[in-house]
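What you are looking at is a predicted structure, and each value in this text was computed from that prediction instead of being measured. By convention here, the first residue in the shown sequence is residue 1.
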Amino acid sequence: MPKPLRMNRRTRGVAWAVLCAAAVAATAALNASPAPDPRPEKPVSAECAEYIANIERQLAEAKEEGNEDGVLAFTRTRVGADDCSDEILDHFRGDR
């Protein structure tokens with residue numbers, strides 16, 4: 001069975017210092033790099049924009065009535081209406 005390599009304290013200290021210096025340099029490089037461009041805003045159809053505005057109006061009314069901790073439910077029953085679920089999630093999640 002081969003013997004493990006023995007390192008003295010000085011060698012361990014130098015290796016630790018080199019790793020720390022590399023980590024500091026990498027952190028500085030990442031902090032100096034420019035922030036990524038924000039995601040471009042997706043176009044929203046007029047129907048979805050109207051629907052989102054209606055939801056915001058109903059939320060504002062509920063807040064004025066003191067129902068801000070309640071649950072509001074919205075349904076869409078019109079046949080042939082645009083599917084706005086992605087746009088609504090993006091808008092209210094703050095991804096825009």
CZ (R57) with more than 12 external heavy atoms under 6.0 Å = yes
request  = Please list, chain by chain and in numerical order, all residues satisfying side chain to side chain donor-acceptor pair (under 3.5 Å) with N8, sequence neighbours excluded.
outcome  = T11
query = What distance separates S45 OG from I52 CD1, expressed to the nearest 0.5 Å?
reply = 8.5 Å
key: Distance, nearest 0.5 Å, that separates CD of E87 from CD of E47   = 10.5 Å
query = Taking atom CD of E64 and atom CD of E61, what is their separation to the nearest 0.5 Å?
reply = 7.0 Å
ask   = Looking at CZ of R93 and CG of D86, how far apart are the two atoms once the value is rounded to the nearest 0.5 Å?
value = 8.5 Å
task = Check side chain to side chain donor-acceptor pair (under 3.5 Å) between E56 and all other residues, then give those that pass, not counting sequence neighbours.
result = H91
Side-chain donor-acceptor pairs of residues 25-32 under 3.5 Å, sequence neighbours excluded:
| unit_1 | atom_1 | unit_2 | atom_2 | d |
| --- | --- | --- | --- | --- |
| T27 | OG1 | A23 | O | 2.9 |
| N31 | ND2 | T27 | O | 3.4 |

key: Interatomic spacing from CD1 in I55 to SG in C48 - rounded to 0.5 Å   = 9.5 Å
